[in-house]
Protein chains: 2
Amino acid sequence: MNAAAAGRPVTIREVAERAGVSISTVSHTFSGRRPISAATRARVREAAAELGYDPNPSARSLRTGRSGLVGLILRPRYAVSGTPDRAETFNRLVGAVATEALRHGTGLIHVPDLHDPAVASVPMDGCIVAHPYGGDTALAELLGRGLPVVTVEEDPDRPDLPWAVRLDYPPVVEALLDHLHAQGAREILLLSGTEDNAWNRRPRETYAAWCARRGLRPRTGLLSEGLSMPDAAELVQPLLAGPDRPDAIVVATSDFAALIAEVAAARGLRIPEELMLAALTDSEHARAGHPPITAMDLTHEALAERAVELMLARLSGAETPDGPVFLTPDLRLRASTRRKS
Amino acid sequence: MNAAAAGRPVTIREVAERAGVSISTVSHTFSGRRPISAATRARVREAAAELGYDPNPSARSLRTGRSGLVGLILRPRYAVSGTPDRAETFNRLVGAVATEALRHGTGLIHVPDLHDPAVASVPMDGCIVAHPYGGDTALAELLGRGLPVVTVEEDPDRPDLPWAVRLDYPPVVEALLDHLHAQGAREILLLSGTEDNAWNRRPRETYAAWCARRGLRPRTGLLSEGLSMPDAAELVQPLLAGPDRPDAIVVATSDFAALIAEVAAARGLRIPEELMLAALTDSEHARAGHPPITAMDLTHEALAERAVELMLARLSGAETPDGPVFLTPDLRLRASTRRKS
DNA sequence: CTGAAAGCGCTAACAA
DNA sequence: TTGTTAGCGCTTTCAG
């Protein structure tokens with residue numbers, strides 16, 4: 001029984017001994033960073049294989065200063081405790097980042113709470129911070145440590161950090177509003193989430209500007225991403241009750257959009273004839289809703305792909321880009337906003 | 001500008017110097033593993049904060065032998081290169097494992113190719129191997145290194161490894177077959193995937209036994225998970241053409257189930273009246289199909305939760321369990337197998 | 001082409 | 001309560 005089978009890790013020293021060479025020769029055999037005679041290399045490889053040698057990654061990165069690992073921090077606090085909408089969003093982003101990292105042969109670490117001292121910090125060469133808040137503290141912390149950071153969506157208070165993949169909301173949100181307007185909507189209510197991130201802020205800004213241009217009264221409200229369905233229903237009811245109810249609602253999350261559709265149906269309001277409905281993120285709720293709900297897909301896969309590329313470029317010493325990469329969300333018009341005319 | 005802002009990591013030594021104490025005092029201030037006077041502790045904390053000190057995780061784990069990180073390897077090779085069905089499956093499992101790890105404050109590493117020497121190995125205390133193959137080489141490699149491993153589904157050739165979360169297929173597959181039989185199916189075709197894992201093997205075994213018991217002729221075929229839709233369509237066509245076409249098909253993946261529904265529709269075959277259809281994994285394809293397709297949900301979230309629990313228990317020194325944990329897949333009967341009678 | 005040895009930053013045993 | 005120091009396993013300079 002060799003050392004590995006016994007549970008004790010095999011070190012470079014044992015391999016060297018077995019092969020009858022020095023530890024530096026073993027090291028160089030694997031790194032290839034200096035010429036080793038074929039005979040020696042064969043002996044070392046054989047010894048390593050027999051012993052089940054696997055270089056200790058901590059020792060290596062202590063020495064080299066690099067781990068070959070990229071971190072991922074998903075900021076939205078409701079990402080983890082999830083309604084299906086949030087779960088789908090979270091899963092798509094995490095899955096896509098993981099896929100992309102693996103495709104490049106890079107290990108990916110999901111970083112646990114940065115601020116919890118009970119939690120060991122992780123050896124990462126750089127970190128992807130997804131959907132940061134305005135003035136994001138975790139982002140600031142990492143930047144303060146001098147760690148290379150790439151963000152998925154910008155910290156809305158620091159929109160110009162160049163190492164970022166951003167979503168270009170204005171044209172898409174305008175297209176959505178124009179579409180609603182073209183279908184006859186004149187009283188459009190925007191229900192944002194309460195998370196202070198780009199996804200909530202940018203569309204709100206675009207909406208305000210659009211209303212001003214059109215000379216329409218802006219109508220906005222908040223619906224926290226953390227609400228339970230019953231609590232959200234409670235808040236939605238009165239919005240549909242009064243005589244001044246909106247003729248279209250744009251709501252941040254798609255499961256609340258589906259909820260609004262239900263509440264509307266219960267009140268006898270027909271969609272899209274009496275009320276149009278759209279969501280600012282897409283999910284199965286929207287696609288399979290009754291009727292299917294118009295939604296903006298945030299192209300998580302593309303965000304992930306570009307973010308990983310950006311990070312790897314950065315770690316290989318690429319120049320700082322002139323500005324963020326911009327991607328365009330994908331507007332998916334569905335029956336909830338399509339009036340037969 | 002301090003060292004961190006300058007890009008150079010701050011070490012314990014600098015903190016000690018600044019606080020006017022020894023490095024072991026700094027170490028113990030953070031680890032809390034020996035009493036430190038309040039005054040000293042305050043000075044150290046202040047110095048650390050001012051310098052932006054963050055303990056080097058590689059140094060720590062080199063010394064302690066533990067990293068606090070759990071690895072995750074997803075074995076199915078089609079998990080990454082994905083059709084939507086595989087992407088949903090992969091995303092759900094990865095997302096759920098990540099969520100569960102974070103909930104416990106544990107870092108999670110997606111392990112890149114174990115056998116690629118160009119890829120740095122990762123510092124993990126244990127590893128979750130999901131959906132291993134029969135005689136899985138990666139699993140064997142990790143076990144050979146003496147690393148604590150927990151599997152999600154068993155290596156079908158090593159069904160008794162106790163550190164595993166398994167799916168209890170037989171009763172659910174039987175229930176599905178009984179259901180089809182009760183609806184009148186007598187010529188049931190099972191189209192397995194070609195990945196040699198539990199998900200393909202166990203239902204096949206159950207099917208064979210069920211046919212034997214019922215005195216029915218087993219009809220089986222293969223449809224590789226890696227096929228493109230057109231290629232899969234090519235293979236499916238003849239199955240529906242002959243006079244001895246099956247009256248029910250159980251197919252492994254749900255997107256091929258949806259494909260079969262399309263092909264059947266194109267041939268004028270009505271579902272479920274002339275052909276019943278079921279999938280051995282659920283996805284939006286099945287839920288949103290026309291008609292919606294009966295499917296077995298593999299409860300990825302529950303698998304992930306139990307696997308992470310098992311891993312953390314194992315790492316805290318829990319006793320080896322008597323056997324694997326068994327979970328029951330969730331059979332979701334839908335219109336594709338529901339004949340009006 | 002190969003070996004000896006320093007040292008990465010930290011923890012923990014031992015000393016005081 | 002605090003300080004001194006060995007050494008975790010590796011990479012890399014410097015010698016040969």
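From a predicted model like this one, the values you see are computed outputs, not experimental measurements. Just so we're on the same page: letters track the sequence lines, and every chain starts at 1.
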message = Taking any heavy-atom pair under 4.0 Å as a contact, classify A:F30: base, sugar-phosphate, or nothing.
response =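 It contacts nothing in the nucleic acid.
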
ask   = When the distance from CZ of A:R33 to P of D:dT13 is rounded to whole Å, what number comes out?
value =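 Going from CZ in A:R33 over to P in D:dT13 covers 8 Å.
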
inquiry  = Please encode protein proximity along nucleotides 1-8 of chain D as a string of B, S and -, counting only heavy-atom distances under 4.0 Å.
reply    = SBBBBBBB

Between [X] and [Y]: side-chain donor-acceptor atoms closer than 3.5 Å:
| X | Y | value |
| --- | --- | --- |
| B:H28 | B:R34 | yes |
| B:S24 | B:S27 | no |
| B:S67 | B:S61 | no |

Partner of A:H300 by side chain to side chain contact (heavy atoms under 4.5 Å, CB included), out of A:N91, A:V97, A:T89 =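 It is A:T89, the one option of A:N91, A:V97, A:T89 that forms the side chain to side chain contact (heavy atoms under 4.5 Å, CB included) with A:H300.
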
task = Might you work through the ring-ring contact (aromatic ring centres under 6.0 Å, His included) test for B:F30 and B:Y53, ending with a clear yes or no?
result = CA-CA 11 Å; B:F30 288 108; B:Y53 171 68; 5.8 Å; yes

